[in-house]
2 protein chains.
Amino acid sequence: MRMSEGVEWALHTCLNLSWAPPGEAVTAGRLAAFYDLPAAYLNKQLQALARAGVLTSASGPRGGFRLAREPGRITLMDIVAAIEGGEDAFRCEQLAGKGPGGRDDVDYRATCFISREMRQAELAWRRHLASRTLADIRAAVERSFPETPESTRNGFANARA
Amino acid sequence: MRMSEGVEWALHTCLNLSWAPPGEAVTAGRLAAFYDLPAAYLNKQLQALARAGVLTSASGPRGGFRLAREPGRITLMDIVAAIEGGEDAFRCEQLAGKGPGGRDDVDYRATCFISREMRQAELAWRRHLASRTLADIRAAVERSFPETPESTRNGFANARA
DNA sequence: GCTCCCATACTCGGATAAGATTTGTCCGAGTACTATTGG
DNA sequence: CCAATAGTACTCGGACAAATCTTATCCGAGTATGGGAGC
């Protein structure tokens, strides 16, 4: 059970976008240059974020990506779900229904105690991620590293591509 | 981020083993027949559980698998970790260290706020799984379906292989 | 009759392929800017 | 001098390939059983 590498990219990139000059879109190329990532692949992840409504995108000169709403209304869960898809990691194949005494007319995703506990565990995970917004992270970073907003903007400005 | 199918098999199989006649080992073949699973592949998962110390294994006639300790001391986390490996789903590649202002002598897995929150979320997940034992599940099942212990033993007895 | 030994059948264990998902790359569609041309 | 227009460069978007992980299968190593021979 390994989470896609793109999730980390997406999280950091969204955070960086929260420091972008207001009203300006940032291209995938610049966002990728920030961490020296393959631009085309990061672009793919950003597309997913755009489809999920986390980012807005624009083509052409002056185009690029920007946050679709204020950072306080974007949770880590939003970003993770956009990249990984909303499905549970543990997918109950209703094994209990295939054993002796199993019946076809019962939905074991609701009945099976194993399935329930696994779902509860994931729910705890989801809840934590949903309780943290980009604004929270941003504030914590700024408190520890006050120079970050400016150095991030400089990073965008200096990056070629 | 998809959890291996083997985790579901392992959980159900361990639960079934908790109902096995005491002192008797059950072969991978019978455990697989219970849910009509590919025996050789289930065997592979059971090997992992044995390596992790959840099960004990024995070769030859009268051989097979059995729980390595009482069900009250086997958590769902033990089983999941045995199959999936203990590593986190989110693996911090220390992206923050590769950006402007990043330094090589800092461990960003501890510093980076994104990494921290992701780890916290997974910790919540782990905690839930670690708080539930096989005995808990078994008790819940027996309360709702009192015939399960016997029908499971019958399933083992009747299964060919 | 009892014991020892050997052949046998059974089961786990790890090495070996097939399939699926993730990762990475490329080129085309669309858009805003710019320079040029005509009024 | 101003406006309209055509060209141009730039960016996202989705289609296409490589690599990695998961899933599945197979055969060999080891072990308890059962029968037979010897005492």
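Numbers restart at 1 for each chain; the letters A, B, ... are given by sequence-line order, proteins then strands.
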The criterion is ring-ring contact (aromatic ring centres under 6.0 Å, His included); which residues satisfy it with [X], sequence neighbours excluded?
X	result
Trp19(A)	none
Tyr41(A)	Trp9(A)
Tyr35(A)	His12(A)
Phe113(B)	none

Q: Please determine, by modelled atom types, if Glu117(B) and His128(A) share a side-chain donor-acceptor pair under 3.5 angstrom.
A: yes

Q) Which residue pairs pass the side-chain hydrogen bond (donor to acceptor under 3.5 Å, both in side chains) test with at least one member in residues 53-71 of chain A, sequence neighbours excluded? A) Arg69(A)-Asp78(A)

Q.
Taking the minimum atom-to-atom distance to the side chain of Gln47(A), which one of dA9(D), dG14(D), dA9(C) wins?
A. dG14(D)

Q: Side chain of Pro38(B) only, please: which of dA24(D), dA9(C), dC26(C) is the nearest?
A: dA24(D)

Between atom [atom1] in [X] and atom [atom2] in [N], what is the gap in whole Å?
X	N	atom1	atom2	value
Leu42(A)	dT11(D)	CG	P	14 Å
Glu24(A)	dT11(D)	CD	C1'	15 Å
Arg62(B)	dT8(C)	CZ	C1'	16 Å
Arg91(A)	dA20(C)	CZ	C1'	12 Å

Q | Residue-level proximity of residues 51-59 of chain A to DNA chain D when a heavy atom falls under 4.0 Å | A | Arg51(A), Ser57(A), Ala58(A), Ser59(A)

What pairs of nitrogen or oxygen atoms, one from the protein and one from nucleotides 21-23 of chain D, lie under 3.5 Å apart?
{"unit_1": "dC21(D)", "atom_1": "OP1", "unit_2": "Arg2(A)", "atom_2": "NH1", "d": "3.3"}
{"unit_1": "dT23(D)", "atom_1": "OP1", "unit_2": "Glu5(B)", "atom_2": "N", "d": "3.1"}
{"unit_1": "dT23(D)", "atom_1": "OP2", "unit_2": "Ser4(B)", "atom_2": "OG", "d": "2.5"}
{"unit_1": "dT23(D)", "atom_1": "OP2", "unit_2": "Tyr41(B)", "atom_2": "OH", "d": "3.4"}

Q: Could you check Asn43(A) against Gly60(A) and say which one's nearest nucleotide on DNA chain C is further toward the 5' end?
A: Asn43(A)

(Q) Test of understanding: with side chain to side chain donor-acceptor pair (under 3.5 Å), list the residues that count as partners of Arg109(A), not counting sequence neighbours. (A) Asp107(A)

Q | Fellow cluster residues of Tyr108(B), listed by chain then number, with links counted only when side-chain atoms sit under 4.5 Å apart | A | Val106(B)

